[in-house]
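One structure is given below, encoded as structure tokens.
For the single chain, residues carry numbers from 1 onward in sequence order. Since the model is a prediction, treat every value here as computed from it, not as a measurement. Numbering of ligands and ligand atoms starts at 1, following listing order.
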Amino acid sequence: MTDLVLSESLAAARTRLAEALNATERPADAARLLAVSKTKPAAMIREAWHLGQREFGENYVQEALDKQAELTELDPIVWHFIGPLQSNKTREVAEHFSWVHSVDREKIARRLNDQRPEALGPLNICLQVNISEETSKSGVSLEALPALAEAILAMPALRLRGLMTIPAPAEGREAQRVPFARLREAFEALRERFPEAPLDTLSMGMSADLEAAVQEGATLVRLGTAIFGERNTR
Ligand SMILES: *Cc1c(COP(=O)(O)O)cnc(C)c1O
């Protein structure tokens with residue numbers, strides 16, 4: 001991928017998002033781009049930042065901390081943790097990220113709540129939902145979602161912002177829309193059930209299915225390959 005021109009791929013990703021929003025008559029600012037930089041060097045994040053990208057998603061705690069340490073001059077920058085989170089890594093995430101998209105159980109949430117430094121303000125949380133109900137995948141089930149949301153809403157150092165999902169791969173727009181529509185319905189049901197909650201985020205859509213996700217109401221699309229090219233091996 002040495003021939004990737006980041007300015008071009010980032011511009012293309014922005015155009016793609018703008019066109020997807022326009023196609024469903026949603027406002028141009030109704031969804032934003034999260035640049036997923038896992039396996040990519042700090043230098044590429046710096047370059048994207050200088051091109052105006054501010055929000056970055058990382059999946060691996062140590063890799064993210066190493067890059068963050070190299071990029072302290074980039075301000076403002078917003079780090080999202082989007083990978084599977086083990087309890088022995090919650091402290092680093094609570095101390096070094098603004099968002100976590102992959103919370104799917106109360107134990108992890110409680111640790112993040114207890115470990116969040118007060119000076120940083122509340123940690124923004126999306127609950128990862130196992131929408132395709134594959135037993136091997138992480139994510140809370142739709143049945144267990146309201147109880148988990150209620151528990152998290154009572155945690156003062158966390159701010160529950162919405163839902164995230166990684167659906168099973170599907171071919172074609174119509175098939176891709178099905179799980180995203182299901183997540184949107186779950187999101188709307190949560191907003192009705194907890195009208196006081198700051199629920200404003202539907203984190204869904206990746207390089208292969210951005211358009212379907214935007215059509216179903218995504219407010220944050222997570223693009224890796226489309227911006228940074230094929231992932232490096234770790
Ligand atoms: C890697 C990753 C992405 C980006 O995937 P692409 O297909 O490269 O756009 C998005 N979300 C999560 C949770 C990821 O792990």
Side-chain angles (χ1 to χ4, degrees), residues 1 4-6 8-20 31-42 44-45 48 53-65 67 78-86 89-90 93 97-105 108 112 123-132 134 136-140 161-173 175-177 179-180 183-184 187 201-234:
M1 291 315 296
L4 178 97
V5 180
L6 189 62
E8 290 174 5
S9 57
L10 184 57
R14 287 172 174 156
T15 301
R16 215 179 132 188
L17 176 58
E19 286 177 351
R32 56 191 206 279
L33 210 54
L34 178 64
V36 176
S37 44
K38 60 171 178 258
T39 80
K40 297 298 174 180
M44 282 185 97
I45 296 174
Q53 179 64 33
R54 291 292 178 268
E55 295 185 88
F56 294 88
E58 290 281 344
N59 292 60
Y60 310 105
V61 175
Q62 193 52 50
E63 181 195 326
L65 298 189
K67 286 188 259 185
V78 181
W79 293 102
H80 295 241
F81 188 79
I82 63 173
L85 184 50
Q86 316 298 329
K89 297 285 172 66
T90 51
V93 170
F97 287 82
S98 298
W99 287 73
V100 182
H101 293 225
S102 44
V103 172
D104 62 2
R105 51 198 199 276
I108 293 288
L112 291 170
L123 180 60
N124 296 295
I125 301 292
C126 289
L127 299 180
Q128 182 172 352
V129 178
N130 184 357
I131 206 79
S132 305
E134 301 153 285
S136 59
K137 284 252 177 86
S138 39
V140 61
R161 299 293 295 271
L163 304 180
M164 180 274 240
T165 198
I166 311 172
E171 288 290 327
R173 176 85 63 93
Q176 290 173 350
R177 282 176 62 182
F180 293 142
L183 193 72
R184 174 173 46 77
F187 181 62
T201 303
L202 260 182
S203 168
M204 61 188 196
M206 315 199 293
S207 295
D209 53 17
L210 174 150
E211 286 77 12
V214 168
Q215 198 169 358
E216 293 300 339
T219 67
L220 192 59
V221 295
R222 310 180 308 268
L223 291 195
T225 318
I227 294 175
F228 295 110
E230 292 297 323
R231 270 182 285 285
N232 304 341
T233 47
R234 296 180 68 226

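- Interatomic distance, OG of Ser203 versus CG of Leu34, reported as 7.0 Å (0.5 Å rounding).
- Annotation: the span from Thr39 atom OG1 to Glu230 atom CD amounts to 10.0 Å, rounded to 0.5 Å.
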List the steps and the verdict of side-chain contact (heavy atoms from CB on, under 4.5 Å) for Val100 and Thr90.
-> CA-CA 10 Å; Val100 182; Thr90 51; over 6 Å; no
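- In this structure, Pro167 and Pro179 approach most closely via the heavy-atom pair CB-CG, 3.6 Å.
- Contact between Lys38 and Lys67 at its shortest, heavy atoms only, is CA-NZ, 4.1 Å.
- With a 4.0 Å heavy-atom cut-off, ligand 1 is reached by the side chain of Asn59 but not by its N, CA, C or O.
- Contacts between His101 and ligand 1, counted as non-hydrogen atom pairs separated by less than 4.0 Å, are absent for every part of the residue.
- Ring-plane geometry between Phe81 and Phe97 is classed as perpendicular, the angle between the planes exceeding 60 degrees on a 0 to 90 degree scale with a lower cut at 30.
- Looking from atom 2 (C) of ligand 1 to the surrounding protein, the closest heavy atom is Lys38 NZ, 2.4 Å.
- When only interatomic distances are considered, the shortest N/O to N/O separation between Met164 and ligand 1 does not fall below 3.5 Å.
- Contact between Leu202 and Glu216 at its shortest, heavy atoms only, is CD1-O, 4.3 Å.
- Short contacts between ligand 1 and Arg222, defined as distances under 4.0 Å to a heavy atom of the residue, involve ligand atoms 4 (C), 9 (O), 10 (C), 11 (N), 12 (C), 13 (C).
- Minimum heavy-atom separation, Phe187 to Arg161: CE1-O, 4.2 Å.
- The nearest heavy-atom contact from the protein to atom 9 (O) of ligand 1 is Ser207 OG, 2.5 Å.
- Counting the atoms of ligand 1 from 1 in the order shown, those under 4.0 Å from a heavy atom of Leu223 are 9 (O).
- Counting only heavy atoms of the protein, atom 12 (C) of ligand 1 lies nearest to Ile82 CD1, 3.5 Å.
- Which parts of ligand 1 touch Ile166 is read off a 4.0 Å heavy-atom cut-off, strictly below it: atoms 13 (C).
- Of all protein heavy atoms, the one closest to atom 8 (O) of ligand 1 is Thr225 OG1, 2.4 Å.
- Among protein heavy atoms, atom 10 (C) of ligand 1 sits closest to Met206 SD, 3.1 Å.
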